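From a predicted model like this one, the values you see are computed outputs, not experimental measurements.
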Amino acid sequence: MPDQQPGHLGFALICNYDGLITHVLWDDFSLGDNLVGLSHFVCLFDPASVQKGLGLFLFVKEHGVAFGWEINLLHEDSLRPFSFTAAMINGQIVLMASAAELANNQIYDGLTHVINEQVNSLRTLSKRAAVGPSPVQQLAAEPPDPFVGEMLKDMLQLNNRLVNAERELARKNAELRRMSAVLSKDLYLAHRVLQCSGEAVVIANPERRVIDVNQAYTAITGFSKVESVGADLVLCEPSHHESGFVDAIWQSVASRGMWQGECTYRRKTGELFPKWLSISAVPDEAGNSSHYVVTFSDISRLKSAEEKWQRLAFYDSLTNLPNRVLFRDRLQQAIIKARREDDPLTLLFVDLDQFKFVNDSLGHEAGDRLLCEAARRIESCVRETDSICRLGGDEFTIIVSGCATEIDIEQVCGKIIQAFHAPFRIADETAHVGASIGIARYPFDGEDADTLTKHADAAMYAAKSAGRNTSRFFSRSLGEQMSRQLSLKAQIAQALQRGEFLLHLQPEIELATGKIVSLEALVRWQHPDQGLVAPDDFIPIAEESGLIIALGEFVLREAIRIIGDLRAAGWADLRIAVNVSRRQLTLPNICELILARLQEQGVPGNALILEITESMVMGNLDNAVQVLRNLRDCGIDAAIDDFGTGHSSLNILRRLPVEFLKIDKSFVADADLAGESETIIRAIAAMARSLGLKTVAEGVERPEQEALMRRIGCDLVQGYRYSRPLPYDRLREFMKTAADRNNGAGWSGAPK
């Protein structure tokens with residue numbers, strides 16, 4: 001290896017299980033140029049060392065690894081000792097050898113020869129001493145020869161020095177052996193780390209040709225080591241990157257010594273995958289690139305997890321539409337584009353009508369399925385360039401570009417509304433859901449995302465107030481109206497907390513007897529500043545905001561308390577009718593709630609009548625039927641209010657377990673003057689009789705109207721002809737005189 005220090009030169013080979021050389025990893029002595037794939041590795045040794053080499057081969061196969069085996073090699077016609085380290089890896093033998101610097105070996109051999117000669121001389125002297133007098137004795141007996149004495153003295157000093165030199169050389173030789181063993185272990189460890197690394201590693205020469213790869217590279221790419229070694233180094237799949245991408249990588253490596261980043265690679269199977277690539281240049285002693293080390297890992301799972309995170313962060317998991325976060329970003333970008341190119345931009349705010357009723361009655365799973373189907377219907381009505389988002393719940397937004405006129409915008413809204421006319425099939429149920437759409441245009445209705453969204457939302461509420469299933473453009477007057485509604489919503493919530501609501505009661509008269517048989521409970525708001533507020537001014541806001549639940553709970557509790565007091569005061573058969581909202585009817589515990597309120601006041605179920613409208617049950621007829629049946633089993637009757645103004649479906653009327661039909665006052669108002677209204681009332685009364693239902697005529701104000709209701713055959717009447725809605729205290733006074741009035745000439749007036 002070029003970067004080896006002097007004194008640590010060597011070579012490394014890979015042999016198969018039988019000992020035949022298959023690869024030469026490095027070779028500083030050119031020993032194995034002609035041996036690869038042809039010879040057993042013991043052919044490297046001199047003939048006297050072949051036996052020891054075979055012993056090393058057998059030892060490695062038995063124990064898996066060997067360290068510090070010294071074996072002579074015949075190199076340049078002379079013997080040279082090498083320290084061998086070997087290991088068995090994946091059925092192959094990795095053989096590494098290191099040698100001391102040649103000059104050190106020559107000095108060591110010379111000193112060893114001199115030391116051996118001195119040792120032999122000393123051994124000779126020792127033998128002579130055994131058969132005759134010692135040299136010292138001879139010198140003492142014979143006359144001293146100065147030259148011989150000096151020579152003997154010098155020889156003894158030289159012998160001591162040689163012995164010390166031999167010991168020092170032995171110590172250094174042992175140190176070299178230890179360092180060689182450590183180096184061999186480090187090389188072995190580095191090789192194992194390289195092979196066991198989870199990242200793919202490729203080593204290339206300066207010509208950018210592969211000279212080695214690890215097992216992870218083979219596992220990731222599918223290319224074997226035989227297929228890879230010697231091939232050109234390929235960093236990425238060029239067709240999936242911009243032109244010059246690979247050149248830029250090599251320029252970075254040349255200037256900075258490294259590069260890392262994401263790119264695309266191709267497996268042997270042809271499959272593309274993303275990888276995180278790092279490439280570094282390995283400089284030699286002169287500073288030139290001697291090798292390139294390339295590492296990369298397959299980041300397919302990481303990219304997949306990143307995509308999932310992106311979808312969770314920016315897309316609705318239910319409908320797969322962009323969510324509120326992505327909607328805001330897209331709207332901001334659309335505004336920038338519209339401002340730059342002077343293009344029209346429209347924001348549609350879509351809210352599903354009657355969705356909460358379906359969601360509460362059929363369950364959240366059914367509601368989720370309906371939302372997914374609604375999203376698909378909206379997508380079918382707009383262009384691919386338009387952006388649809390789900391803000392949450394049943395609210396959707398559509399960013400529409402290019403619709404220059406109101407007619408174009410109304411056509412888009414009309415398509416969406418028409419798409420919701422078809423019923424939704426949810427499992428075995430059929431649900432009817434409409435769409436109310438608010439429209440805000442840039443820049444007339446707002447120049448930023450927040451303002452446009454707020455104004456489109458306000459226009460949507462205006463569409464709901466206009467009867468639902470329609471669209472409305474935002475206007476300044478609408479904005480002021482919505483501000484008032486928001487303020488009113490907050491005031492309603494405060495009024496519920498302060499107890500500002502109360503009940504007025506209007507009697508219902510039985511025409512056959514003239515008796516008061518029931519009362520209708522009507523809620524009023526005693527506003528501290530505005531006085532008595534009519535229900536038409538706050539009921540729609542309470543319905544839309546959800547405050548109708550708390551308000552309805554108050555009305556039910558107060559009505560049951562009042563009827564309990566009146567029954568205890570002597571009106572034992574009197575009943576009270578309470579209007580129930582759509583949201584109340586879909587509460588999962590509505591039956592238990594009503595029964596609990598009756599038990600609290602000790603009032604029987606037959607004292608209560610619940611009034612509902614036809615439109616309330618259109619979303620989920622089955623749920624309404626089941627609730628009313630459960631209540632009827634407890635003695636609680638039901639009435640259909642405002643009959644004739646809604647769908648007036650005979651199928652619904654046939655299925656609903658109700659006892660009363662209340663004819664809307666719009667028909668009664670001119671029944672004695674217009675033949676059409678009288679005909680409608682006669683038809684309703686006849687249908688009710690055929691179904692076994694009683695009829696209640698609302699809004700009777702004149703004697704002529706009362707006479708007509710008698711002729712038609714209505715059972716009950718109510719209206720200003722008999723009494724206005726009264727507070728509880730005044731109602732009790734009125735009812736005390738009602739019996740006397742009933743025994744007189746009939747109803748001549750009502751309390752003011």
Side-chain angles (χ1 to χ4, degrees), residues 313-316 319 321-353 355 375 378-379 381-383 385-417 435-466 468 470-493 540-541 544-546:
F314 299 111
Y315 285 85
D316 174 47
T319 62
L321 294 177
N323 62 8
R324 184 182 297 271
V325 177
L326 188 54
F327 157 73
R328 180 179 175 83
D329 179 72
R330 288 188 176 181
L331 182 57
Q332 290 175 338
Q333 297 301 321
I335 291 174
I336 294 173
K337 182 176 181 294
R339 183 184 300 121
R340 181 178 63 249
E341 301 178 2
D342 195 23
D343 282 344
L345 177 65
T346 305
L347 177 63
L348 306 181
F349 200 110
V350 183
D351 187 89
L352 304 187
D353 299 328
F355 169 74
I378 296 175
E379 285 179 324
C381 298
V382 299
R383 302 164 301 181
T385 55
D386 299 329
S387 181
I388 308 173
C389 307
R390 182 191 176 209
L391 296 189
D394 59 342
E395 295 178 338
F396 298 85
T397 56
I398 308 171
I399 304 172
V400 182
S401 301
C403 288
T405 66
E406 291 186 2
I407 296 177
D408 295 334
I409 299 172
E410 288 176 345
Q411 287 179 348
V412 175
C413 295
K415 289 178 62 177
I416 296 174
I417 294 172
S436 296
I437 305 175
I439 307 168
R441 294 166 295 173
Y442 170 86
F444 312 108
D445 301 328
E447 297 185 357
D448 59 82
D450 291 338
T451 303
L452 271 180
T453 304
K454 181 177 67 175
H455 288 170
D457 189 16
M460 181 272 295
Y461 277 105
K464 284 185 174 294
S465 300
R468 303 173 182 268
T470 186
S471 62
R472 285 291 182 271
F473 284 88
F474 176 80
S475 63
R476 294 300 171 186
S477 60
L478 176 60
E480 295 173 358
Q481 178 185 353
M482 295 309 301
S483 297
R484 289 194 300 270
Q485 290 180 350
L486 290 174
S487 175
L488 185 58
K489 175 183 174 182
Q491 293 180 42
I492 292 173
I541 303 299
E544 290 294 337
S545 63

Please check: side-chain N/O of [X] versus main-chain N/O of [Y], any donor-acceptor pairing under 3.5 Å?
X: R383; Y: S401; value: yes
X: R472; Y: G438; value: no
X: H455; Y: D445; value: yes
X: R390; Y: G393; value: yes

Review point. Would you say I407 has more than 12 foreign heavy atoms packed within less than 6.0 Å of its CD1?
Key: no
With a 4.5 Å heavy-atom cut-off, do [X] and [Y] have their side chains touching?
X: D457; Y: K454; answer: no
X: L348; Y: C413; answer: yes
X: F327; Y: T453; answer: yes
X: K464; Y: D353; answer: yes
X: T397; Y: V350; answer: no
X: L321; Y: E379; answer: yes
X: C389; Y: L326; answer: no
X: R328; Y: D450; answer: yes

Give the minimum heavy-atom separation between [X] and [Y], together with the two atoms involved.
X: V400; Y: D386; value: CA-OD1, 3.6 Å
X: G446; Y: T451; value: CA-CG2, 3.7 Å
X: A456; Y: F349; value: O-CB, 3.5 Å
X: Y442; Y: E447; value: CE1-CA, 3.7 Å
X: A449; Y: Q332; value: CB-CG, 3.9 Å
X: L352; Y: D394; value: O-OD2, 3.0 Å

In Å, rounded to the nearest 0.5 Å, how long is the span from [atom1] of [X] to [atom2] of [Y]?
X: F396; Y: I437; atom1: CZ; atom2: CD1; value: 12.0 Å
X: I439; Y: L452; atom1: CD1; atom2: CG; value: 13.0 Å
X: T346; Y: I399; atom1: OG1; atom2: CD1; value: 11.0 Å
X: T405; Y: E410; atom1: OG1; atom2: CD; value: 8.5 Å
X: L345; Y: I335; atom1: CG; atom2: CD1; value: 6.5 Å

Exercise for review: Look at R441 together with E406 and state whether they make a salt bridge at an N to O cut-off of under 4.0 Å.
Suggested key: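 Result for this pair is yes, salt bridge flagged.
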Practice item. Carefully, step by step, assess R330 and S387 under the rule side chain to side chain donor-acceptor pair (under 3.5 Å). Key: CA-CA 8 Å; R330 288 188 176 181; S387 181; 3.0 Å; yes
Check your understanding: Hey, mind stepping through I398 and I416 against side chain to side chain contact (heavy atoms under 4.5 Å, CB included) and telling me if it holds?
Key -> CA-CA 11 Å; I398 308 171; I416 296 174; 3.5 Å; yes
Exercise for review: Could you walk me through whether I409 and F473 pass the side chain to side chain contact (heavy atoms under 4.5 Å, CB included) test, one step at a time?
Suggested key: CA-CA 10 Å; I409 299 172; F473 284 88; 4.0 Å; yes
